[in-house]
Amino acid sequence: MKMRCVHRKALLEALADELPPNTIRFSSKLASIKTENLNKSSVVYALHLEDGSIIRTKVVIGCDGVHSVVAQWLGLSAPLSSGRSAVRGLSLFPEGHGFPHGPQQFLGDGKRAGFVPINDKEVYWFITYRTIEHEQELAGEPHMIQKEVLEKLAKDFPKDYLKVVGHSDLSNLTIAPLMLRVPWDVLLGRTHNGKVTVAGDAFHPMTPDLGQGGCSALEDAVVLARHVANKLNNINEAVEMYTRERRWRAANLIVGAFLGGWVQQGGSGIWWWFVKLFRDSIFYKFVYVKMFHSIDQYDCGVLPCVNKN
C-alpha cells in the first residue's frame with residue numbers, strides 16, 4: 001500500500017469541477033431540519049440555514065461534519081472525545097524543502113508526530129497528544145499554537161520536524177480534540193430515515209490514525225451513488241441498502257483507528273510500559289501491516305454508466 005498526500009483544496013476543486021455551475025452554495029450552514037407534507041403521500045424536508053434561508057428537498061445526504069445537524073436529527077449519539085487532540089498544519093518552502101517524498105513519523109512520551117511532503121514546496125504535518133487543559137485558549141490563535149508545538153509539545157523532536165513546524169502557513173494551523181462515534185451506534189443506530197442519511201464524518205467520525213477519514217467519505221459516496229443509480233424508482237430502499245453495506249466497514253475503521261492511535265502513542269495509565277513493548281516489538285512488525293492490508297483490499301463496487309443526454 002502506497003501513501004500519497006493530496007492537498008484538500010485540490011481534491012475539493014476536482015470534485016466541484018464535475019458539477020454543473022452554481023450547484024454549490026457556499027457559506028451556508030445548516031441550523032435545523034423540519035418535515036413538511038405536500039400531500040398525503042409526499043414529504044419534503046425543509047433545511048433551515050443559519051442565514052435564515054430555507055431549502056426544500058426530497059432527499060437529504062448529510063455531509064456536515066463531526067457535529068452533524070443531520071446526524072442529530074436522525075438520533076445518532078454525539079461523538080465522544082478520544083482523550084487525545086491534534087495540531088495539523090501546512091508548511092511552505094518557496095525555495096523547496098529538500099525532503100524525500102514519503103512520510104516521516106516521530107514518537108515521544110504520549111505523543112506522535114509526523115510530516116509528509118505534498119510536492120516540492122509544501123509539507124503537511126501533524127502532532128497528536130493527550131488533550132491539554134488550555135487547548136481551547138489556543139484555538140483561533142495560530143501564533144500561540146505554533147509556539148505551543150515548538151516550545152512544549154515537540155521540543156524534544158528532531159530538528160527536521162521542528163523546521164517544518166517553523167515554516168507553517170499560520171492561516172492553515174488548526175488545533176482540535178480527536179472525536180469518534182462509538183462503533184455500536186454506527187452498527188445499531190438510526191443512520192437513515194426515509195430519504196435522509198449521512199456520509200463521511202457525519203456518519204462515522206474517527207480518529208485520524210489510519211488516515212482513512214477522507215478516504216472512507218469517498219467510499220461512502222461511491223457506494224451511495226451505486227445504490228441510488230440502481231434504485232432510482234425507490235430512493236428509500238437505496239438509502240437503506242447504502243447504510244446497511246457501510247455499517248461494518250465504518251465500525252471496523254473506527255475501532256482500528258482508535259486502537260492504532262492509542263497503541264502508537266504508548267497507551268495510558270499503569271499499562272503504558274506494556275503497550276510500548278507491544279508497539280515496538282509486535283505492532284509495527286505484524287499488526288499494522290495487516291491493518292493496512294485489510295483497508296487496501298476493500299472494493300466499493302462499480303458505478304453504473306449514466307447517460308448524460
Side-chain angles (χ1 to χ4, degrees), residues 1-8 10-20 23-24 45 57-66 68 70-71 74 76 180-260 288-309:
M1 181 176 179
K2 294 183 179 180
M3 177 184 293
R4 181 173 181 180
C5 190
V6 179
H7 200 300
R8 179 187 291 266
L11 176 60
L12 294 176
E13 289 177 347
L15 294 172
D17 287 344
E18 294 297 314
L19 299 172
T23 300
I24 301 176
Y45 305 98
T57 180
K58 293 183 179 180
V59 181
V60 179
I61 311 298
C63 306
D64 47 338
V66 174
S68 168
V70 181
L74 287 171
L76 289 170
L180 72 155
R181 176 160 284 126
V182 291
W184 49 89
D185 199 31
V186 172
L187 289 173
L188 304 174
R190 194 174 188 178
T191 53
H192 69 91
N193 183 358
K195 298 175 182 177
V196 180
T197 189
V198 281
D201 281 348
F203 186 177
H204 41 67
M206 65 188 73
T207 60
D209 303 287
L210 292 180
Q212 293 300 302
C215 296
S216 61
L218 293 175
E219 291 178 1
D220 289 343
V222 174
V223 174
L224 177 60
R226 172 162 52 80
H227 284 299
V228 169
N230 290 328
K231 293 284 184 179
L232 284 174
N233 60 336
N234 192 338
I235 300 300
N236 290 54
E237 184 178 353
V239 167
E240 181 179 357
M241 292 173 67
Y242 150 73
T243 57
R244 188 187 307 159
E245 181 174 340
R246 291 297 294 162
R247 283 179 188 270
W248 280 101
R249 168 69 170 176
N252 285 334
L253 288 175
I254 291 172
V255 173
F258 175 80
L259 292 178
Y288 206 50
V289 175
K290 289 187 176 181
M291 289 172 64
F292 272 99
H293 180 71
S294 65
I295 292 171
D296 197 32
Q297 294 302 306
Y298 180 76
D299 186 356
C300 298
V302 179
L303 287 174
C305 295
V306 178
N307 188 352
K308 298 183 178 180
N309 296 325

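The two residues Pro205 and Val66 make their nearest non-hydrogen contact at CB-CG2, 4.2 Å. Here the closest heavy-atom approach between residue Ala202 and residue Ala71 is recorded as O-CB, 3.5 Å. Of all non-hydrogen atoms in Val222 and Leu303, the two that sit nearest each other are O-CD2, 3.5 Å. Nearest heavy atoms, Pro304 versus Asn230: CG-OD1, 3.8 Å. The shortest heavy-atom contact between Leu232 and Ile235 is O-CD1, 4.0 Å.
For the atom pair NE2 (His7) and CG (Leu12), the distance works out to 10.0 Å, reported to the nearest 0.5 Å. Distance check: Thr197 OG1 to Glu240 CD gives 10.5 Å after rounding to the nearest 0.5 Å. With rounding to the nearest 0.5 angstrom, the SG atom of Cys215 is 9.5 Å from the CG atom of Leu253. With rounding to the nearest 0.5 angstrom, the CG atom of Leu210 is 11.0 Å from the CD1 atom of Ile254. Residue Leu187 holds its CG atom at 12.0 Å from NE2 of His204, rounded to the nearest 0.5 Å. Rounded to the nearest 0.5 angstrom, Cys63 SG and Asp220 CG are separated by 8.0 Å.
Using a distance-only test at 3.5 Å, with no hydrogens or angles considered, no donor-acceptor pair links the side chain of Asn193 to the main chain of Val196. In terms of modelled atom types and a separation under 3.5 Å, the side chain of Asp209 and the main chain of Phe258 share no donor-acceptor contact. Of the possible donor and acceptor atoms, one in the side chain of Ser216 sits under 3.5 Å from a partner among the backbone N and O of Gln212. Using a distance-only test at 3.5 Å, with no hydrogens or angles considered, no donor-acceptor pair links the side chain of Thr191 to the main chain of Val186. Counting only distance, with no hydrogens or angles, the side chain of Arg246 and the backbone of Ala199 share no donor-acceptor pair below 3.5 Å.
Between Pro183 and Val255 there is a side-chain heavy-atom pair separated by less than 4.5 Å. The shortest distance between side-chain heavy atoms of Lys58 and Tyr45 does not fall below 4.5 Å. Side-chain contact between Asp201 and Ser68 is absent, with no heavy atoms from C-beta onward closer than 4.5 Å. The closest side-chain heavy-atom distance from Leu11 to Arg8 is not below 4.5 Å.
The side-chain contact (heavy atoms from CB on, under 4.5 Å) test with Lys195 singles out one residue from Ile61, Thr57, Val60, Val59, and that residue is Val59.
Counting only N and O atoms by type, the side chains of Glu245 and His227 include a donor and acceptor under 3.5 Å apart. No donor-acceptor contact under 3.5 angstrom links the side chains of Asn236 and His192, judged on distance only.
Arg181 forms no cation-pi arrangement with Phe203, by the criterion of a distance under 6.0 Å to the ring centre and an angle within 45° of the ring axis.
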